2 protein chains.
Amino acid sequence: MATLNDTADLSFTASQGKGQADAPLTKPQAMVTVDIVVLTVQDWELKVLLIKRAHAPFQGYYALPGGFVRAEEALEDAAFRELREETGTEDLYLEQLYTFGDPGRDPRGQVVTVAYYALVPADRSPLLATTDVASAHWFPISGLPALAFDHARILACAVTRLRNKLEYTTVGFELLPRKFTLTALQRLHEAILGKALDKRNFRRKILSLGLVMPTKEMEATGRKPAQLYSFRQPG
Amino acid sequence: MATLNDTADLSFTASQGKGQADAPLTKPQAMVTVDIVVLTVQDWELKVLLIKRAHAPFQGYYALPGGFVRAEEALEDAAFRELREETGTEDLYLEQLYTFGDPGRDPRGQVVTVAYYALVPADRSPLLATTDVASAHWFPISGLPALAFDHARILACAVTRLRNKLEYTTVGFELLPRKFTLTALQRLHEAILGKALDKRNFRRKILSLGLVMPTKEMEATGRKPAQLYSFRQPG
DNA sequence: CCAAAAGTGTTAGGAGTACACCCATGG
DNA sequence: CCATGGGTGTACTCCTAACACTTTTGG
């Protein structure tokens with residue numbers, strides 16, 4: 001079942017323009033937020049970035065980073081902006097996940113949240129813990145505190161999506177440093193899928209995909225030096 | 001232009017993270033709509049239900065059925081409500097697709113739309129054309145008119161999703177009558193995927209899945225009568 | 001009896017899975 | 001020299017894909 005390509009086909013173009021005298025909309029409005037499930041792998045465990053809420057509602061609870069979409073701001077731009085505010089970088093894999101809008105999910109009123117998930121390479125995630133957001137911490141997804149709002153559901157949705165995409169795309173690569181050993185890649189997959197994989201089968205499969213190439217470097221940390229690989233750039 | 005009324009001033013706070021005094025956000029409200037890509041198969045062609053717009057903007061253009069999410073209404077409820085309004089039934093497969101919120105996608109202002117897609121069984125789709133919405137018509141996916149807003153993009157997104165899900169789920173069943181021949185099922189798959197399939201391989205695969213069972217009826221319309229199948233109910 | 005669609009098996013290649021040992025190095 | 005993780009091959013099964021003829025009926 002290993003199909004490689006997955007990129008969403010957004011090839012059609014929208015017919016633009018034609019806005020004439022606009023009937024001003026006196027229509028129901030809601031608040032729109034983005035929430036971001038920031039995931040990484042540390043110590044071969046899948047972890048999520050959570051922030052302790054300083055204010056009501058759910059004061060003291062942990063929550064996913066997120067915030068309101070500003071006027072005239074694209075959803076994805078809002079997600080990247082929040083990502084930068086909470087993690088200090090925008091240079092991360094980001095993908096829209098699902099949109100949640102059940103009444104009652106936020107006690108302050110009708111809040112529709114567009115959930116995204118982001119992947120932080122393992123070698124960069126320690127940096128994020130030291131950003132200005134003092135109350136942000138990584139939590140292993142097994143072993144979570146109680147979460148604010150419906151964030152537990154959103155998080156579960158993200159983990160499921162990641163597991164599924166791992167099997168037919170190359171998202172896993174977004175969680176590793178630029179150079180990595182095949183064992184590291186395998187540990188990553190095992191951490192996300194939550195099960196052990198056969199070493200020989202895994203290596204054969206990865207190599208047969210032709211997406212990685214050996215570098216000239218070896219990793220000397222272990223006993224026997226391990227070959228470092230990098231992702232073959234498109235082109 | 002976009003006269004966003006700001007009646008409800010709830011003075012929200014921007015951050016869920018910074019533990020300091022929060023600058024109240026300007027106007028964190030937007031309009032939220034649902035748009036529904038209603039798909040069916042007629043004459044072994046994948047078709048979509050479009051509605052001719054009676055008012056600006058995009059007056060006279062065809063658009064996906066959709067409308068505003070009401071106060072205190074769940075997104076999915078709004079989608080089902082629109083579905084009933086435009087098609088006369090709610091008893092259809094419905095799945096959230098993606099959320100679009102680019103600034104400028106609606107000339108009237110900031111409108112975030114949560115797109116859904118719905119599947120109408122082939123034997124029920126003719127009924128829908130006769131509902132009260134006189135301007136609603138089925139259009140083959142190849143051979144579309146110019147669409148309002150960014151609806152072409154939303155539609156493309158739905159078709160891609162359907163094609164992908166066809167390969168690893170049973171969504172295809174949602175487009176067929178309760179009893180159907182294997183040839184009909186194959187034609188359906190061919191219509192959606194846009195390519196021919198081998199008859200023997202297709203039948204073997206479908207039967208091996210164990211999801212369908214032969215009924216006691218035959219379809220007499222063709223030359224040689226064909227076995228009618230139905231979906232095996234869970235349990 | 002002919003046109004039209006229904007139905008049916010075999011083979012070859014590729015992918016996944018299960019499984020056990022030797023190798024290079026640091027301490 | 002030994003503990004640790006790196007690295008390798010084979011056999012079996014299963015799924016996929018290619019491929020052609022016979023059967024049943026209506027007209």
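As the structure is a prediction and not an experimental result, all values here were calculated from the model. Below, chains carry the letters A, B, ... as their sequence lines are ordered, and counting in each starts from 1.
- Backbone-only contact: A:Thr183 has heavy atoms under 4.0 Å from sugar-phosphate atoms and none from a base.
- The separation between B:Asp198 atom CG and C:dA6 atom C1' is 14 Å, rounded to whole Å.
- Rounded to whole Å, the distance from CG on A:Asn201 to C1' on C:dT17 is 6 Å.
- Distance from the side chain of B:Lys205 is smallest for D:dT16 among the nucleotides D:dT16, D:dG5, D:dT23.
- Regarding A:Arg223, its CZ atom lies at a distance of 16 Å from the P atom of C:dA24, rounded to whole Å.
- Put simply, CD1 on B:Ile206 is 14 Å from P on C:dG7, counting in whole angstrom units.
- In this structure, B:Lys199 places its NZ atom 14 Å from P of D:dT23, rounding to the nearest Å.
- Rounded to whole Å, atom P of C:dG16 lies 13 Å from atom NE2 of A:His189.
- Below 30°, between 30° and 60°, or above 60°: for A:Phe139 and A:His137 the angle between ring planes is above 60°, a perpendicular geometry.
- B:Arg200 has no side-chain polar atom (N or O) that falls below the 4.0 Å cut-off from OP1 or OP2 of C:dG7.
- Protein atom CZ of A:Phe202 is 13 Å distant from nucleotide atom P of D:dG6, rounded to whole Å.
- Residue B:Lys165 places its NZ atom among more than 12 non-hydrogen atoms of other residues, nucleotides or ligands, all under 6.0 Å distant.
- Side-chain atoms of B:Thr113 do not come within 3.5 Å of backbone N or O of B:Ala115 as any donor-acceptor pair.
- Salt-bridge annotation for A:Glu167 and A:Arg163: absent, with no side-chain N of the basic residue lying under 4.0 Å from a carboxylate O of the acidic one.
- Rounded to whole Å, the distance from CZ on B:Arg204 to C1' on D:dT16 is 9 Å.
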